[in-house]
Trainee: 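Below you'll find the structure I mean.
Note that ligands are numbered from 1 as they come in the structure, with each ligand's atoms numbered from 1 the same way.
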Amino acid sequence: MVKLRALKVTFLGTGTSQGIPVIGSNHPVCRSSDPRDKRLRVSVLIQVDGLNIVVDCGPDFRQQMLSNNVDRLDAILFTHEHSDHTVGLDDIRPYFFKQGDIPVFAHKRVMASLQKRFDYIFASENKYPGAPSVQEHVINNESFTVKGVKVMPINVMHNRVQVFGFRVRDFAYITDAKIIEEEEASKLKGVDVLVVNALRIEPHHSHFNLEEALKFIEKVNPKRAYLTHISHLLGFHEEVQAELPPNIFLAYDNLQIEI
Ligand SMILES: [Zn+2]
Ligand SMILES: [Zn+2]
């Protein structure tokens with residue numbers, strides 16, 4: 001019997017907060033006909049040991065679950081509370097109806113933000129019929145498990161906002177990072193695949209630009225790296241990809257990789 005690969009990752013969205021195309025924009029990248037230049041808000045599906053783990057739940061969550069036929073949701077891991085990473089939470093309803101309370105993992109500050117935005121989801125009494133419920137798992141900067149699968153958080157800074165990246169086995173996913181301390185970077189030692197954010201060419205106050213992302217990848221030295229949380233200002237997928245080192249790739253929506 002052929003052994004199934006251990007871990008599969010699907011890039012559900014690879015765009016920055018507004019998505020690409022940006023509404024109303026005439027920028028050439030927004031008008032591109034290359035499907036790789038169309039980017040939903042950033043998220044990944046990690047499939048491991050029969051589990052479907054989704055990182056973040058932004059405004060495109062419903063569409064992302066539909067396009068990838070995700071029929072079961074075992075956990076949502078939240079990186080941070082910004083809208084492009086959280087605002088789709090209401091659309092866990094079909095999973096809730098089938099499976100019951102959906103496990104969500106987040107820093108306590110992020111959980112508090114979710115509780116405020118989605119008070120009806122977190123309500124314990126007088127719940128509106130049809131409102132979904134979640135199983136809350138507050139995480140700190142220590143490894144935790146999702147139904148037996150070990151996940152290691154990596155603490156990064158998004159200007160002044162704390163964000164969690166996540167390592168599962170030899171795959172690591174970091175988005176919305178601007179500063180990553182040595183100690184946290186050392187948790188990435190030995191990864192096969194590193195995903196990291198690269199917003200655009202010009203510097204930005206809270207995101208790695210391309211140069212910073214490449215520098216960080218060089219330091220971690222994974223076998224392969226993928227860039228995500230991309231703005232239209234980074235340029236056309238094809239042109240940017242052509243300039244990258246051979247083991248570094250621009251991710252694009254619906255790309256699947258195995259680790
Ligand atoms: Zn973001
Ligand atoms: Zn953010």
Side-chain angles (χ1 to χ4, degrees), residues 9-23 25 27 29-30 37-46 53-65 76-91 104-118 139 141 153-166 172-181 184 194-210 212-213 216-217 225-235 237 240 250-255:
V9 173
T10 304
F11 288 89
L12 300 170
T14 57
T16 188
S17 54
Q18 296 183 82
I20 311 179
V22 172
I23 295 172
S25 169
H27 188 283
V29 172
C30 292
D37 285 322
K38 304 204 182 304
R39 302 182 188 276
L40 297 178
R41 266 56 71 89
V42 77
S43 177
V44 282
L45 167 67
I46 303 170
I53 301 171
V54 171
V55 181
D56 289 328
C57 187
D60 301 314
F61 175 78
R62 175 176 176 274
Q63 195 53 50
Q64 291 163 331
M65 296 301 101
I76 301 175
L77 316 183
F78 284 100
T79 59
H80 65 304
E81 65 272 47
H82 285 164
S83 287
D84 54 324
H85 300 257
T86 57
V87 85
L89 192 60
D90 187 68
D91 282 321
V104 297
F105 294 75
H107 185 282
K108 71 173 190 304
R109 181 199 78 245
V110 176
M111 200 68 87
S113 167
L114 294 172
Q115 285 163 356
K116 202 165 145 192
R117 287 182 180 215
F118 298 97
I139 53 173
N141 196 11
I154 296 123
N155 201 56
V156 307
M157 292 306 290
H158 182 28
N159 195 347
R160 281 183 224 152
V161 178
Q162 176 276 340
V163 175
F164 277 139
F166 299 104
Y173 178 80
I174 294 174
T175 188
D176 295 59
K178 174 68 178 178
I179 300 160
I180 305 177
E181 301 291 350
E184 297 300 312
L194 172 67
V195 179
V196 71
N197 57 297
L199 186 73
R200 62 187 190 192
I201 307 294
E202 292 295 310
H204 186 271
H205 71 98
S206 66
H207 286 276
F208 279 164
N209 65 355
L210 181 60
E212 290 165 323
F216 183 68
I217 293 165
Y226 292 83
L227 303 174
T228 194
H229 210 294
I230 293 162
S231 156
H232 60 291
L233 300 172
L234 186 64
H237 182 97
V240 178
L250 274 194
Y252 54 88
D253 291 16
N254 304 317
L255 170 67

Trainee: So, of the N/O/S atoms that Asp176 has, which is the nearest one to the Zn ion (ligand 2)?
Mentor: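 Distance check against the Zn ion (ligand 2) picks out OD2 in Asp176.
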
Trainee: Test of geometry: compute the angle NE2(His229)-the Zn ion (ligand 1)-OD2(Asp84) and round it to 10°.
Mentor: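 Output for this angle: 100°, rounded to tens.
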
Trainee: Check the pair Asp176, His82 against side chain to side chain donor-acceptor pair (under 3.5 Å), reporting the backbone distance first and the verdict last.
Mentor: CA-CA 10 Å; Asp176 295 59; His82 285 164; 4.6 Å; no

Trainee: Ignoring hydrogens and geometry, is there a side-chain-to-backbone donor-acceptor pair from Gln64 to Leu12 under 3.5 Å?
Mentor: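 Flag set: sc Gln64 to bb Leu12 pair under 3.5 Å.
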
Trainee: What do you get for the angle at the Zn ion (ligand 2) between NE2 on His80 and NE2 on His158, to the nearest 10 degrees?
Mentor: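 Centred on the Zn ion (ligand 2), the NE2/NE2 angle is 110° (to 10°).
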
Trainee: Do you know which N/O/S atom name in His82 is closest to the Zn ion (ligand 2)?
Mentor: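 Nearest N/O/S atom of His82: ND1.
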
Trainee: Ignoring hydrogens, what is the shortest heavy-atom contact between Cys30 and Pro21? Give both atom names and the distance.
Mentor: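 Residues Cys30 and Pro21, closest heavy atoms: O-CB, 3.3 Å.
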
Trainee: Could you please spell out the steps behind the side chain to side chain donor-acceptor pair (under 3.5 Å) verdict for Asn209 and Glu202?
Mentor: CA-CA 6 Å; Asn209 65 355; Glu202 292 295 310; over 6 Å; no

Trainee: Check whether any N, O or S atom of His85, backbone or side chain, sits closer than 2.8 Å to the Zn ion (ligand 2).
Mentor: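 For His85, the answer is no, given that no N, O or S atom comes within less than 2.8 Å of the Zn ion (ligand 2).
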
Trainee: Above 12 or not: heavy atoms from other molecules or residues under 6.0 Å from CZ of Arg62?
Mentor: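 At most 12 heavy atoms, drawn from other residues, nucleotides or ligands, come within 6.0 Å of this atom.
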
